[in-house]
Amino acid sequence: MAAYPFSEIEPKWQKFWDENKINKIEDDFSKPKYYILDMFPYPSGAGLHIGHPEGYTATDIIGRYKRMKGFNVLHPMGYDAFGLPTERYSMQTGIHPKEVTAKNTKNFTNQLKALGFAYDWDRTVNTTDESYYKWTQWMFLKIYNSYFDEILQKAMPIEFLSIPENLVSQEEIDAYIDSQRLAFIAMIPVNWCEELGTVLANEECDEWREKGYTVERKPMRQWMIRITKYAQRLLDDLEIVEWPHSTKEMQKNWIGKSEGAEIDFFVPSIQKNIRVFTTRPDTLFGATYMVVAPEHGLVNELTTADQKAAIEAYITTSSLKSDLERTELNKEKSGVFTGSYAINPATGAEIPIWIADYVLAHYGTGAIMAVPGHDLRDNEFAQKYSLPILKVVENKENLDFDVTKEAFCEDGYAVNSEKSEVSINGKNTPEAKSIISNWLENKGIGKKKIQFKLRDWLFSRQRYWGEPMPIMFFEDGTRRGLDEDELPLVLPNVKDFKPAGTGESPLANVEEWVNFIDKKTGKKARYETNTMPQWAGSCWYYLRYIDPQNPEIFAAKDKEEYWMGDGGIDLYVGGAEHAVLHLLYARFWHKVLFDYGVVSTPEPFKKLFHQGLIMGLSYRNKNNVLIPNDLVESKDGKFFDTRNGEELEEIVAKMSKSLKNVINPDDVIKDFGADSLRIFEMFLGPLEASKPWSKSGIEGINRFLNRAWRLIATEESTLSDSVQDVPMTSDQEFALHCTIKKIGEDIENLSFNTAVSQMMIFVNEFTSAEIKSKEAMEKFVLCLAPFAPHLCEELWRILGHTNSIVLEKYPEYDITKTVKSEVEIVIQVTSKIRGKLIVPLDADQSAVEELAMKDESVLKHLDGKPIRKVIYVKNKLINFIV
RNA sequence: GCGGUCGUGGCGGAAUUGGCAGACGCGCUAGACUUAGGAUCUAGUGAGGAGACUCGUGGGAGUUCGACUCUCCCCGACCGCACCA
């Protein structure tokens, strides 16, 4: 039997939707809105992979369903097109990144259109368009021209910054202003890759190292963004969004708030304090030594003559290590004594000061008080270097706990913590913390302190293919950000994308662009040659979809308020790999805009959902070696290596070129059609789960769509004679109304796999009927339409309609028809099933009991024993306890 | 090590105010139609047992008339972070 003609009808309706602007979105403020967003793709040369259609189909189904329910739905698509892979490709081929990007986006667009997604392509955005990155630059300047007001806890225009009175010279004032900006220049150690000629983000290093590149630590001039100022708000506002628990936890951990105290330790030999941060001020009496990071500013002063050689050697060794190497698994701690001593402010004792790279320069103050009795790391270090270990916290459960062998890090109560001025002996840990903190504060040698792990955002890249930073520098060392009327600062057209070789981007080589006379000041000027990271453009793209062509502003206020109303984007779907960085940067960016009142919500993404990965199947032998799929043959459900006949185990593995298990969406569309691909990806399993692709699974889905087609249409694509205006049987009515109800509910809950199985149940129910109710067929096609839009558009015409099914309403169901008039209930004897009974819906207990008592098997198991108790659950079961 | 998610047939997975475990699909078995079937249709399909029945949701305990679902302990898988003082 012939398959339904998907290869004809799919392109036909795609063209129809395009030409008739069926997916056009109007800013009709009278309708309730629904804004549903996908994470936009990076248009790589490889094209769409099989994972893309998963999340995109899910949102397409919801968008189409919501539209059928009367919502004005914004479901846009665009491209995150700046990025290193394109630039690398250009360096190798000499083809300009702009051309590469245009070609790749065109290819992506064609592939997305072939999947039948209902995007309004007039609303598409591309981060590399001048008219787009003009606003990325505009927003960067907003950040640059802001300081963070600690009292208001928000960004304020830099003009409002109050200048300390002791600053008089313009130079000092400018320096102060620059030191307060939310975007600033700093010399910091970065991950520099010489061959790529650029810095890399920490999370990018591994990837490039694996490809054989060398990445080293090196201090360089970089743009930073003070995201740390927003740490508390980024943490607090996680409470107001509906996000996956795990993602919220990851962001919380990343922000890493900890409460404790800063304490000054006096060093008599240099007459200076070393400030430490600790979360356990209650253990101050147990601080028997101090450790400062090798990069700490006081190391030179602290180092005595006889320790100098050892300290310098240690510093050299640790500076050669990258962050990653320094933290490599459970490596043994090392350190060197500086020769100096500090005074423990609680005990008055002289304690040695060491340097060790287990103390991180960038966290806290870069120095710690070491309490080896009650900190695992300090304990390990103290044991290794025979430093004294004191017990100052008692373990209630085990009074004999020996802290010289193992640290006790939990709460307990304080011991050996007493002097004339203060005592915390006998106090529990929280109380002891508070008493010590207050005492320190009164003495002026410490204060309570909240510390975050979050670090400032390294915002510059030494690349060509990114947004130019809209900043110019003058010869006198001053600089200015561009004004709005000077934007966009357009990337110059260059032929050579190789790095400048000076640690600057290729832009530094573009003499005619980089050096110029500033029209506004008449001064000789030079543009910043760094560009922005890829994250920048993706921080706000969801706002541009709202008003993509607007030349005056990134989005008109009324449109922004409408589409972002009710707490922001109604649903954002994308991979969990962006759980921290993209989602944290975008939240930060949005909050700055919120502080300026140009967006109306404190958070951009009200509800977030991560789709799982689509995996491939792979095979491994007894030595755990993965065998590429083209070297595997299957026989009787078992798998063998074609080279030596060795039996292999089938496992689920990420799709990869080397394993030859990559599925190409174009091939699937060619073989089974876009509708089959869409539904199959939904049917694989729960959207959030990772699940393996299955060749026979998609055949099953294709079979299902063929069955659905044959229910209504003939081989000649006309209405089947068996579809007539006839009443439904009660079973058919039940199936139809359950289907309408369940599919609607499942879409709302993102349970697409169970929605698809309900459709199969419907088709199974009606397949056996010789005559099918036309009404049932029409309502079913409407339910199926969000999932299989091409097939349903065609069936809708076959059923005699002339309007596009996209514009139809989702059918209503009758709740009374979703319950059967008779139900089967289970008879149990002492909780074991002994019989079944058909009774009217909501039958009362006595009637059921009477009927149940007639059941042979029940009587046999009751065996005349006295019934102790009867449990009756209406419409479910009756249970006799004997 | 810390944080999180999750363990159900041969496979993907359903089912939780606690109430028939395995919906739906794949695969498999048998049959029908057919020159043919890798198309289509029909029936069957957790395990054991001839059967009445018994066992069964990673393992062990507990609560309950009743546990995939709730509690405790253990084991395993995956993801994230990783000397954060």
Side-chain angles (χ1 to χ4, degrees), chain A residues 1-3 244-254 256-258 260 276-280 283 291 324 326-331 333 356-360 362-371 374-378 380-381 409 451-455 576-577 579-580 610 612-613 617 636-637 650 652 680 683-686 688-701 703-704 706-707 710 751 753-761 763-764 767-768 824-833 835-836 857 860 868-882:
Chain A
M1 199 169 292
H245 180 70
S246 57
T247 305
K248 285 189 182 186
E249 284 305 310
M250 265 192 246
Q251 291 222 344
K252 279 181 198 168
N253 290 340
W254 193 265
K257 181 178 180 174
S258 52
V276 303
F277 173 72
T278 177
T279 54
R280 292 294 299 269
T283 61
V291 185
L324 288 164
R326 267 173 75 158
T327 58
E328 245 160 35
L329 41 131
N330 293 338
K331 84 175 171 62
K333 291 182 177 44
D357 62 10
Y358 82 89
V359 171
L360 305 173
H362 57 73
Y363 183 76
T365 61
I368 62 156
M369 65 176 206
V371 184
H374 306 284
D375 180 280
L376 290 173
R377 297 150 301 178
D378 298 345
E380 191 189 316
F381 193 79
C409 303
Q451 187 68 46
F452 294 96
K453 273 199 284 191
L454 183 67
R455 294 209 249 163
E577 66 273 20
V580 179
H610 299 304
L613 286 179
L617 290 173
D636 304 326
E650 186 179 63
V652 172
F680 181 57
F683 186 64
L684 269 176
E688 67 273 23
S690 288
K691 53 246 155 184
W693 181 268
S694 140
K695 171 91 173 122
S696 49
I698 186 143
E699 286 166 2
I701 290 296
R703 250 190 315 260
F704 157 68
N706 275 315
R707 273 149 54 85
R710 286 200 299 271
S751 302
N753 54 332
T754 52
V756 175
S757 75
Q758 182 61 38
M759 294 170 197
M760 293 170 169
I761 291 169
V763 170
N764 290 346
T767 297
S768 54
E824 186 184 59
I825 74 166
V826 170
I827 314 167
Q828 296 182 333
V829 178
T830 318
S831 304
K832 296 250 183 212
I833 296 160
K836 289 179 181 179
S857 168
K860 183 179 139 202
R868 269 199 307 140
K869 192 174 163 190
V870 179
I871 293 157
Y872 179 62
V873 182
K874 201 158 63 173
N875 304 327
K876 291 264 160 115
L877 62 79
I878 185 151
N879 188 1
F880 300 103
I881 315 298
V882 297

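What you see below is based on every heavy atom in this structure, not just the backbone, and it leaves out hydrogens, waters and symmetry mates. Reminder, nothing fancy here: chain letters follow the sequence lines and each chain counts from 1.
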Within the 4.5 Å heavy-atom criterion, are A:Gln828 and A:Ile871 side-chain neighbours or not?
no
Using whole Å, what does the distance between atom [atom2] of nucleotide [N] and atom [atom1] of [X] come to?
X	N	atom1	atom2	answer
A:Lys874	B:U17	NZ	P	17 Å
A:Glu380	B:C83	CD	P	13 Å
A:Arg710	B:A39	CZ	P	12 Å
A:Lys860	B:A52	NZ	P	9 Å
A:Phe704	B:A39	CZ	P	19 Å
A:Leu877	B:A21	CG	P	10 Å
A:Glu577	B:G4	CD	P	22 Å

Side-chain-base donor-acceptor pair under 3.5 Å for A:Lys836 and B:C20
yes
With no angle test and no hydrogens, is the base of B:C20 tied to the side chain of A:Lys876 by a donor-acceptor pair under 3.5 Å?
no
Angle class for the A:Tyr363/A:Phe277 ring planes (parallel below 30°, perpendicular above 60°, tilted otherwise)?
perpendicular
Considering every strand shown, what is the Watson-Crick or G-U wobble mate of B:U34 when both distances are under 3.5 Å?
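Check on B:U34: unpaired, no WC or wobble geometry under 3.5 Å.
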B:G10 pairs with, by Watson-Crick or G-U criteria that keep both distances under 3.5 Å:
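Across all strands, the one nucleotide that pairs with B:G10 is B:C26.
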Across the strands shown, which category fits [X] at heavy-atom distances under 4.0 angstrom: base, sugar-phosphate, nothing?
X	result
A:Ser258	sugar-phosphate
A:Gln451	nothing
A:Gly700	sugar-phosphate
A:Ile871	base
A:Arg868	nothing
A:Asp378	nothing
A:Asn879	base
A:Glu688	nothing
A:Ser694	nothing
A:Lys453	base

Looking at A:Asn706 and A:Ala3, would you say the former's side chain and the latter's main chain have a donor-acceptor pair under 3.5 Å?
no
On RNA chain B, compare the nucleotides closest to A:Gly366 and A:Arg707; which residue's is nearer the 5' end?
A:Arg707
How do A:Ala367 and A:Met760 order along RNA chain B: which one's closest nucleotide is nearer the 5' end?
A:Met760
To the nearest 0.5 Å, tell me how far A:Arg703 CZ sits from A:Ser696 OG.
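The OG atom of A:Ser696 is 8.5 Å from CZ of A:Arg703, to the nearest 0.5 Å.
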Pairwise P distance for B:A43 and B:C26, with rounding to whole Å
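14 Å, rounded to whole Å.
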Taking only N and O in the side chain of A:Asn764, is any of them less than 4.0 Å away from OP1 or OP2 of B:G25?
yes
Classify every nucleotide of nucleotides 8-15 of chain B by which part a protein heavy atom approaches to under 4.0 Å, writing B for the base, S for the sugar-phosphate alone and - for neither, in 5'-to-3' order.
----BSS-
Begin with the C-alpha distance, continue with both residues' side-chain angles, and end with the deciding distance and a verdict on side-chain contact (heavy atoms from CB on, under 4.5 Å) for A:Arg280 and A:Val371.
CA-CA 9 Å; A:Arg280 292 294 299 269; A:Val371 184; over 6 Å; no
